[in-house]
Amino acid sequence: MSIYVVQPGNNIDEIALNYGVPVIQIIEDNQLVYPYELAVGQALLIRDGDITGTGREIISNGYAYPFISRWVLEQTLPYLSDLSVFSYGFTSEGELLSPLLDEQWMIFMAAQYGTRAILTLTPLGADGRFDNRLISAVVRNSQAQEKLLNELLAVMEEKWYRGLDIDFEYVLEEDRDYFTKFVRICTQVMHEYGYTVSVALAPKSSAEQPGLLYAGKDYRALGEAADSVLLMTYEWGYKYGPPMAVAPLNKVRQVVEYAVTEILPSKISLGIPNYGYDWPLPFIQDQTAAKTIGNIEAVRIAIHYGAEIQFDEIARSPFFHYFDEIGVEHEVWFEDVRSLQGKFDLIDEFFLRGPGYWQIMQLFRVNWLLLAERFRVKK
């Protein structure tokens, strides 16, 4: 496979001719839209043969809501070992709360492709909001834990889930050890019934990193307690923050370098974002909010406004600026085949478990083609 960066004056026919590949192949692989316009600076994946998949075997995971398009899920499942269904919540008494939409169809479809369905548990309350007070209530109450575990086991058996993912964010520092003990108990109980347990970790770069996202997560202890962990290595650039790469490779590397000193690399999944952000400028703290966009959508925006896509060599991420119809300047950061290549290089370099995608609601085909070329996905 090759990566070609579009230059001024290029067209799809010329590029296909130069590489000796069918035009339709480049169109389909890169999800180009008729009349197949290109943006200067756009990175195209060029397949020069069949996908080999001769690399080492990895475990690939992706998160999805029950309202995902059936077509997108069908296109994605061949490349996933695990499908993490988002999400179940709970009450302070340990009563399990189901997703608003039925997810059974996702589990059935996953099984058809040999993909394990994973139940994702989050502190989502009855009001539909995330609440870290629910975490405190459950991890400090053995009766609530017992109720929650019993209800989890009943649902997992009934719906054919194969594992549990504990995605608790903003764990309070004073709940740190209680949370670790909760994960350990969950793993012990789940193992008795043949289920695995994973836990999501905020992207720390040191053991004592301060902040609500980080202080409640003990990397070493949680890595020992669970079967695997997901490093949430994204959201440096986020909806209410200043414009920057969502997952800058230099920052992601710092997290991985620390994580492997605390957790076995074979237990670590590297979080990869499947989205970007579009910020109106100027950015004003507590006022500016970015729009979440898909990676294909980002390129279409660049084409529509005639923007040239640039590439930050430190963050290893693409970005561009444009002015909208009313004269407002925008800054856009997203993922492309080059940024994915850098993240796959990290997975290889540190011999990690594999990628974990947040989230797979929109199809980004070059990701799966590149993944299948670099690795063999375990089923």
Side-chain angles (χ1 to χ4, degrees), residues 3 5 39-43 63 169-170 200-206 209-214 217 230-259 269-324 328-347 355-359 361-362 364 366-367:
I3 298 174
V5 179
V40 174
Q42 177 181 356
Y63 288 86
E169 298 181 40
Y170 301 107
L201 300 179
K204 295 174 67 168
S205 55
S206 65
Q209 186 168 339
L212 184 54
L213 267 175
Y214 316 106
K217 299 288 181 71
L230 170 73
L231 300 182
M232 295 188 288
T233 36
Y234 38 77
E235 289 290 277
W236 274 271
Y238 66 103
K239 186 178 183 70
Y240 300 107
M244 66 177 294
V246 177
L249 195 66
N250 55 323
K251 299 294 186 181
V252 174
R253 172 177 283 277
Q254 290 175 6
V255 175
V256 173
E257 287 176 341
Y258 164 64
S269 294
L270 184 69
I272 297 179
N274 186 37
Y275 61 93
Y277 284 117
D278 180 336
W279 286 268
L281 299 178
F283 172 79
I284 303 173
Q285 189 69 48
D286 300 324
Q287 293 186 35
T288 302
K291 177 184 176 183
T292 305
I293 57 174
N295 297 313
I296 301 300
E297 183 184 359
V299 174
R300 296 301 305 164
I301 292 171
I303 291 170
H304 179 76
Y305 290 101
E308 179 176 346
I309 296 173
Q310 302 175 67
F311 193 73
D312 187 303
E313 292 293 344
I314 296 176
R316 298 297 296 171
S317 297
F319 70 100
F320 61 90
H321 291 82
Y322 73 93
F323 287 88
D324 65 21
V328 175
E329 186 178 6
H330 292 246
E331 184 170 336
V332 175
W333 289 82
F334 63 107
E335 300 292 319
D336 69 3
V337 66
R338 295 169 293 183
S339 63
L340 289 170
Q341 185 82 272
K343 294 171 177 62
F344 288 168
D345 287 345
L346 274 185
I347 290 172
Y357 296 95
W358 179 264
Q359 45 166 288
M361 303 300 288
Q362 299 186 59
F364 190 35
V366 297
N367 173 81

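Position 1 is the first residue of the sequence, and the numbers go up from there. We use all heavy atoms of the structure for the numbers below, so side chains are in, but hydrogens, waters and symmetry mates are not.
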> Going through the distances and angles, do Arg338 and Ile3 end up as a side-chain contact (heavy atoms from CB on, under 4.5 Å)?
Replying inline: CA-CA 8 Å; Arg338 295 169 293 183; Ile3 298 174; 4.0 Å; yes
Please report the closest heavy-atom contact between [X] and [Y], naming both atoms and the distance.
| X | Y | answer |
| --- | --- | --- |
| Ala43 | Val337 | CB-CG1, 3.8 Å |
| Pro248 | Ser317 | CA-OG, 4.4 Å |
| Ala202 | Lys217 | N-NZ, 4.2 Å |
| Pro280 | Thr288 | O-CG2, 3.6 Å |
| Leu270 | Lys343 | CD2-O, 3.7 Å |
| Ala298 | Val332 | CB-CG1, 4.2 Å |

Could you tell me whether the side chain of [X] and the main chain of [Y] form a donor-acceptor pair under 3.5 Å?
| X | Y | answer |
| --- | --- | --- |
| Asn295 | Glu335 | yes |
| Trp333 | Ala247 | no |
| Lys239 | Ala289 | no |

Non-hydrogen side-chain atoms of [X] and [Y] separated by less than 4.5 Å:
| X | Y | result |
| --- | --- | --- |
| Phe283 | Pro242 | yes |
| Pro318 | Gln310 | no |
| Val5 | Gln42 | no |
| Tyr275 | Val246 | yes |
| Pro355 | Ile347 | yes |
| Arg316 | Phe311 | yes |
| Phe320 | Ile301 | yes |
| Leu230 | Leu201 | no |

Output the distance between atom [atom1] ([X]) and atom [atom2] ([Y]), rounded to the nearest 0.5 Å.
| X | Y | atom1 | atom2 | answer |
| --- | --- | --- | --- | --- |
| Gln359 | Thr292 | CD | OG1 | 9.0 Å |
| Thr233 | Lys204 | OG1 | NZ | 15.0 Å |
| Trp279 | Leu281 | CH2 | CG | 10.0 Å |
| Phe364 | Ile272 | CZ | CD1 | 11.0 Å |
| Tyr277 | Tyr240 | OH | OH | 9.0 Å |
| Leu249 | Ser339 | CG | OG | 9.0 Å |

> Would Tyr357 and Asn367 satisfy side-chain hydrogen bond (donor to acceptor under 3.5 Å, both in side chains), going step by step from the backbone distance to the final call?
Replying inline: CA-CA 10 Å; Tyr357 296 95; Asn367 173 81; 3.1 Å; yes
> Less than 6.0 Å separating the ring centroids of Tyr234 and Trp236?
Replying inline: no
> Taking NZ, NE, NH1 and NH2 as the nitrogens, is one of them in Glu297 or Lys291 under 4.0 Å from a carboxylate oxygen of the other?
Replying inline: yes
>> Counting only heavy atoms not in Ile284 (residues, nucleotides, ligands), do more than 12 fall under 6.0 Å from its CD1?
In response: yes
>> Just checking Tyr258: does its OH atom have more than 12 heavy atoms from other residues, nucleotides or ligands closer to it than 6.0 angstrom?
In response: yes
>> Determine whether Tyr63 and Asn274 satisfy the following criterion, side-chain hydrogen bond (donor to acceptor under 3.5 Å, both in side chains), listing intermediate values before the conclusion.
In response: CA-CA 10 Å; Tyr63 288 86; Asn274 186 37; over 6 Å; no
> Do the rings of His321 and Phe319 sit parallel, tilted or perpendicular, given the 30° and 60° boundaries?
Replying inline: perpendicular
